[in-house]
Number of protein chains: 2
Amino acid sequence: MPRGRAPGYDTQREQILACAAELFARQGYTATSMNQVALACGVSKPSLYHYVRDKYQLLVEIAEDHVNRLKALVARAQQLPLDPPARMRELIGSFLEVYADAQAAHRVLTEDVKFLEPVDRERVLDAQREVVAAFAEAIADTRPALRATELHKPLTMLLFGMMNWMFTWLQPGGKLTHAAMAPIVADLFFGGLNAVRLPASQAPPARGTAAAAKKIARRA
Amino acid sequence: MPRGRAPGYDTQREQILACAAELFARQGYTATSMNQVALACGVSKPSLYHYVRDKYQLLVEIAEDHVNRLKALVARAQQLPLDPPARMRELIGSFLEVYADAQAAHRVLTEDVKFLEPVDRERVLDAQREVVAAFAEAIADTRPALRATELHKPLTMLLFGMMNWMFTWLQPGGKLTHAAMAPIVADLFFGGLNAVRLPASQAPPARGTAAAAKKIARRA
DNA sequence: CCTACCGATCGGTAGG
DNA sequence: CCTACCGATCGGTAGG
């Protein structure tokens, strides 16, 4: 048997990360004590410190692991041989699937990132920006005229708003699931895209948008 | 001059609430100390406690004031003589206007409500549920067939997702403003509504939605 | 209004 | 010698 970590060390470590994520998500990072983490994980506090350097490292790893999971989803979707609309539906579906499986980590990523030190925060936010940029490109691929207007970026953020807000109202045990919402989100977003009028107006008219769209297009 | 509070008491008190909301929004409720609040407000700590009973009361009043502001917007929109789509656009526009003016309070309402004690939290969440219910009705009024499917409730939450997520990506000083986004949000949402297929299928077809919509309709 | 200070609890680590 | 822990308590700092 090779020297090094005891068998089960990594397993125990992952359970601690999952368990800490649950507490951070429910109570917030600062309001959660290491005593609570230890209690919830079923280990003593000194033992807890055997698996993690300190409380801060818990936050860093939870956030970083999750954002890396999202980056992996994007990379996988880019490899699949799909047309632009199908790729977008794949992205939306796989993101909501991960959101459902890692709800605690996702909430920590969105609410507790402000507690990261600048260097760590920037690394996590950079990864997040990569993910958002990939979505924005996938969206622009479904409607290339969007690209010149720069409108695809705020539209991407509206899509993330729909998805990232779901943890506030979709109960884990409820009848309505993330999986059931995926096609609804996709239909709503694609249907809406066609209703947003572009500055050059290749699209069907929609009232009230022209002025705002021009204001945005002026930046480009 | 009548006895009672010194002149300017209420003004000073409101400034303290606004200033505390700013800190809570940036650092979170638990991570913010009363020393920081006093310093940022330009008063001594004992003086701060002359205007507010304790730290918890700051949180309660910030959240409650803001949700009451939102309830007032809904009440006003219901009085205006508008057809259903115009009323929805009015609601979206006025909400984003308040979001822009009270960004700190809005973030506290959405992120720190978990630190309220059960009785206070339920009171605030009840008010929030009233606001959401009014939006859901206004949405259903624009497309009555939605009501029977119960789909208008998750769709309402997707709309709130788009709006409530905006504070994460719309910088206060940026070229893109809440006001400019209002018609874009409205167009995207209305355009999307028409693409969501209903169980009884009075609507134009949209792929991938039928199964999920039926799953939801089964609850009714 | 300020300095000073309390009871309680924090994150983290000693000895065994 | 190593690891994997426990009971007890450290120095600092929070709200008030």
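Order of the sequence lines fixes the chain letters, A, B, ..., with proteins taken first and strands second; residue numbering starts at 1 for each chain.
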### Task
Kindly indicate whether the side chain of B:Lys45 and the base of D:dG16 share any N or O donor-acceptor pair separated by less than 3.5 Å?
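Flag set: donor-acceptor pair detected.
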Rounding to a whole Å, what distance do you find between [X]:[atom1] and [N]:[atom2]?
| X | N | atom1 | atom2 | answer |
| --- | --- | --- | --- | --- |
| B:Met34 | C:dC6 | CE | P | 21 Å |
| A:Asp54 | D:dG12 | CG | C1' | 16 Å |
| B:Arg53 | D:dG16 | CZ | P | 11 Å |
| A:Gln36 | C:dT9 | CD | C1' | 11 Å |
| A:Gln57 | C:dG11 | CD | P | 16 Å |
| A:Lys55 | C:dT13 | NZ | C1' | 17 Å |
| A:Arg13 | D:dA4 | CZ | C1' | 16 Å |

### Task
Write down the distance separating the C1' atoms in D:dG12 and C:dA8, rounded off to the nearest Å.
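To the nearest whole Å, 13 Å.
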### Task
Please state the C1' separation for the pair D:dT9 and C:dG11 - nearest whole angstrom.
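Comparing C1' positions in D:dT9 and C:dG11 gives a spacing of 13 Å.
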### Message
Does D:dC5 have its OP1 or OP2 closer than 4.0 Å to a side-chain nitrogen or oxygen of A:Tyr51?
### Response
yes
### Query
For D:dC5, does OP1 or OP2 lie under 4.0 Å from any side-chain N or O of A:Ser44?
no
### A:Lys55 side chain vs A:Tyr29 backbone, donor-acceptor pair below 3.5 Å
yes
Of the nucleotides [options], which has the atom closest to the [X] side chain?
| X | options | result |
| --- | --- | --- |
| A:Tyr49 | C:dC10, C:dT13, D:dG16 | C:dT13 |
| A:His50 | D:dA4, D:dG15, C:dG11 | D:dA4 |
| B:Ser47 | C:dG11, D:dG16, C:dC1 | C:dC1 |

### Task
Check the pair B:Asn164, B:His106 against side-chain contact (heavy atoms from CB on, under 4.5 Å), reporting the backbone distance first and the verdict last.
CA-CA 8 Å; B:Asn164 286 348; B:His106 189 64; 3.1 Å; yes
## Note on the structure
Tested for side chain to side chain contact (heavy atoms under 4.5 Å, CB included) against B:Ile62, the lone hit among B:Leu17, B:Val67, B:Asp112 is B:Leu17
### Task
Take A:Thr168 and B:Thr110, measure what side-chain contact (heavy atoms from CB on, under 4.5 Å) needs, and give me the verdict at the end.
CA-CA 9 Å; A:Thr168 66; B:Thr110 61; over 6 Å; no
### Message
Let me spell it out: for each of A:Asn35 and A:Pro46, pick the nucleotide of DNA chain C with the closest heavy atom. Which residue's pick is nearer the 5' end?
### Response
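Per heavy-atom nearest nucleotide, the more 5' residue is A:Asn35.
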### Task
In sequence, state the C-alpha distance, the side-chain angles, and the governing distance for B:Phe115 and B:Arg121, and then conclude on side-chain contact (heavy atoms from CB on, under 4.5 Å).
CA-CA 8 Å; B:Phe115 299 118; B:Arg121 185 167 59 241; over 6 Å; no
